[in-house]
Amino acid sequence: MTTFLIAVGTLCAICVGLSLVLVVADRYLSDYGRCRITINGGSRSLDVRGGQSLLNALGGEKIFIPSACGGRGTCGLCKLRVRSGGGPVLPTEDPHLTADERRDGVRLSCQVKVRNDLDIEIPEHLFSVREFAASVETMEDLTYDTKRVRLALVAPPEIAFVPGQYIQLQCPAYGDNPEPVYRAYSLSSDPADPRHAEMLIRLVPKGICTTWVFTRLKPGTPVTFNGPYGDFRLHDGTGEMIFIAGGSGMAPFCSILAAMRQAGNPRPTRYFFGAKAVRDLFLLDEMKRFESDLPDFRFIPALSAPDPTDLWNGERGLITDVVGRHYPDCRDKQAYLCGSPGMIDACINVLSGRGMPPENIFYDKFA
Ligand SMILES: Cc1cc2nc3c(=O)[nH]c(=O)nc-3n(C[C@H](O)[C@H](O)[C@H](O)COP(=O)(O)OP(=O)(O)OC[C@H]3O[C@@H](n4cnc5c(N)ncnc54)[C@H](O)[C@@H]3O)c2cc1C
Ligand code: FES
C-alpha cells in the first residue's frame with residue numbers, strides 16, 4: 001500500500017512539474033511574433049504582439065470588451081465570435097458556452113491566446129465604449145464595509161450612459177498585485193449629471209480591487225475606467241415594478257430612480273432591499289426622498305438577522321420570503337434584481353413560482 005501511495009505521489013509530482021515547465025516555457029520562451037487580428041470581415045485590422053490574451057490584445061488597442069472578472073475565466077462576459085485562428089475551446093470556457101455558441105465559434109476572449117492570425121467578430125456597440133481619465137472627488141462611508149466613491153471626469157469630460165449600466169474600474173499594480181486588473185461597478189450616479197461617475201463599492205475581504213479602493217483611494221487620486229457596459233435597464237410596460245437588491249446591488253437602482261424622478265415616471269414601484277442588520281442599511285434618507293418625489297414608490301428594507309440591540313419595526317426575514325409574502329401572484333408585474341448570484345437565483349425561483357413570466361425578469365449578477 002505504501003509503495004502504491006509513493007508511486008501515485010511521484011506521478012502527481014512529475015505531472016505538476018511538467019505542467020509548470022510548460023507554463024513557464026510558454027510564458028517566457030515562446031515567441032509568437034506579431035499577429036494580425038481581422039475584425040468584422042476586414043472593417044478593421046490590428047497588428048498585435050503574439051502571446052497575450054485576445055482580451056488584452058484588444059484592450060491594448062483601446063477596444064474594450066466587458067470583463068468583470070479581470071480575465072480569470074469566471075464571469076463569462078468577454079464572449080466574442082472567433083471565426084478562425086483561436087485553437088480549441090479550453091475546459092475553462094466550457095461552462096460558459098451554450099451548444100449554439102460553441103457551434104458559432106463563440107469564445108471567452110480572455111482565454112483565447114493570440115498565437116497566430118485571428119479572424120473575429122465584435123458587436124458594433126462595443127466600439128463606442130470609451131476609456132475615461134477621472135479623479136476621486138469624494139469618498140463617503142455608507143456602512144462599515146461600503147463606500148460611495150464619486151469621480152469627477154477629466155477626459156473625456158462627460159459620460160453618457162443608460163441608468164443600470166456599469167463601468168470597469170482599473171485597479172493599478174500595487175502591493176502584491178503585480179499588474180493592473182479591471183473590476184465591474186454599476187453606476188449609481190444621476191445620469192443628468194454626466195460630469196460625474198459614482199459607484200457604491202463593498203469591501204470583499206482580501207479582494208484585489210476593493211482593498212485598493214478602501215486603502216489607497218482618496219480625494220484627488222487619479223483613476224481610469226472604461227465603459228459603459230451592460231443591458232440592465234428599465235423596460236417598457238405599465239404594470240407594477242418590483243426592484244430587489246442586497247448590499248451594493250443598491251447602486252444601479254439609485255441611478256434608475258434618479259432617472260424615474262427626472263421623467264416623473266408614474267409606474268407603481270416597490271423596492272425590496274435585503275440586509276442582515278441595521279448596520280447594513282444605508283441611503284435611507286435618499287430612499288425617503290424618492291418616496292416623496294415619485295408618484296408611486298415605496299422602499300421596503302428587510303432584515304434577515306437583526307442584532308438584538310437593533311430597534312426595528314420593519315420587515316424581517318430573507319428577502320425572498322418577504323417578497324413572497326407581499327406578492328402571492330406576480331403574473332402582470334416586472335422584476336428587476338441586482339446583487340449576488342445566489343440571491344438573484346433564489347428570487348427568480350420565488351417570482352417564477354408566483355407566475356411571473358421569465359421575459360419580465362431582468363437582473364444583473366455581481367459575479
Ligand atoms: C456587472 C457587475 C456589476 C458589479 N457592480 C458592483 C457594484 O456596483 N459594487 C460592488 O461592490 N461590486 C460590484 N460588482 C462586483 C465587483 O466587480 C468585484 O467582483 C468585487 O468588487 C470584488 O473585486 P475584488 O478585486 O476586490 O475581489 P477579487 O480579488 O476579485 O476577489 C477576491 C476573492 O473574493 C471572492 N469574491 C469576489 N467578489 C465577491 C463578492 N462580491 N462577495 C464575496 N466574495 C467575492 C472571489 O471569488 C475571490 O476568491 C459587480 C460585478 C459585476 C459582474
Ligand atoms: S473576463 Fe471574465 S470570463 Fe473572460
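Both ligands and their constituent atoms are indexed starting at 1 by order of listing. All residue numbers in this chain count up from 1 along the given sequence.
Geometric assessment of R279 against the ring of Y144 yields a positive cation-pi assignment under the 6.0 Å and 45° thresholds.
Checked by distance only, ligand 1 and S248 come closer than 3.5 Å through their nitrogen or oxygen atoms. Geometrically, ligand 1 and T211 share no nitrogen or oxygen pair separated by less than 3.5 Å.
Taking atom 6 (C) of ligand 1 as the reference point, the nearest protein heavy-atom neighbour is F366 CE2, 3.2 Å. With respect to atom 30 (O) of ligand 1, the closest heavy atom belonging to the protein is R72 NH2, 2.8 Å. Nearest non-hydrogen protein atom to atom 21 (O) of ligand 1 is Y185 OH, 2.7 Å. Counting only heavy atoms of the protein, atom 33 (C) of ligand 1 lies nearest to V204 CG1, 4.3 Å. For atom 29 (O) of ligand 1, the closest heavy atom belonging to the protein is I208 N, 2.8 Å.
Residues that satisfy the ring pair (Phe, Tyr, Trp, His ring centres under 6.0 Å) test with Y185, not counting sequence neighbours, are absent from this structure.
With a 6.0 Å radius and a threshold of 12 heavy atoms from other residues, nucleotides or ligands, R102 has its CZ atom above the threshold.
The ligand atoms of ligand 1 that sit less than 4.0 angstrom from a heavy atom of I201 are 11 (O). In the vicinity of S186, heavy-atom distances shorter than 4.0 Å reach the ligand 1 atoms 3 (C), 5 (N), 6 (C), 7 (C), 8 (O). Taking every heavy atom of C209 and a limit of under 4.0 angstrom, the matching atoms of ligand 1 come to 24 (P), 25 (O), 26 (O). Under a 4.0 Å criterion applied to the non-hydrogen atoms of T210, ligand 1 contributes the atoms 21 (O), 24 (P), 26 (O). Those atoms of ligand 1 that come under 4.0 Å of a heavy atom in A68, given as number and element, are 53 (C).
For the residues A184, P341, G207, the heavy atom positioned nearest atom 4 (C) of ligand 1 is part of A184. Checking R202, K365, R183, M199 against atom 23 (O) of ligand 1, the nearest heavy atom belongs to R183.
Among all heavy-atom pairs drawn from M199 and I167, the shortest one is SD-CD1, 3.8 Å.
Distance alone, capped at 3.5 Å, is enough to place a donor-acceptor pair between the Y174 side chain and the I208 backbone. Of the possible polar contacts, one joining the N40 side chain to the I122 backbone as a donor-acceptor pair under 3.5 Å is found. Remark: side-chain polar atoms of T269 are paired, donor with acceptor, to backbone N or O of R267 under 3.5 angstrom. In this structure, the side chain of R34 engages the main chain of D47 through a donor-acceptor pair within 3.5 Å. Side-chain atoms of E121 do not come within 3.5 Å of backbone N or O of I39 as any donor-acceptor pair.
Less than 4.0 angstrom separates atom 12 (N) of ligand 1 from at least one non-hydrogen atom of the protein. Under the 4.0 angstrom criterion, atom 48 (C) of ligand 1 counts as lacking any protein heavy-atom contact.
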Expected list for residues 212-220: side-chain donor-acceptor pairs under 3.5 angstrom, two or more places apart:
| from | atom 1 | to | atom 2 | distance (Å) |
| --- | --- | --- | --- | --- |
| T215 | OG1 | T211 | O | 2.6 |

Per-pair distances, 0.1 Å, donor-acceptor, side chain in residues 152-165, under 3.5 Å, sequence neighbours excluded:
| from | atom 1 | to | atom 2 | distance (Å) |
| --- | --- | --- | --- | --- |
| Q165 | OE1 | V162 | N | 2.9 |
| Q165 | NE2 | G230 | O | 3.0 |

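At a heavy-atom cutoff of 4.0 Å, ligand 1 is contacted by the backbone of L200 but not by its side chain.
The pair E291-R298 does not count as a salt bridge, with every side-chain nitrogen at least 4.0 angstrom from each carboxylate oxygen. The pair D285-K288 does not meet the salt-bridge criterion, since no charged nitrogen lies less than 4.0 angstrom from a carboxylate oxygen.
Remark: aromatic rings of F253 and Y271 are close, center separation under 6.0 Å.
Closer than 2.8 Å to atom 2 (Fe) of ligand 2 sit the protein N, O or S atoms C69 SG, C75 SG.
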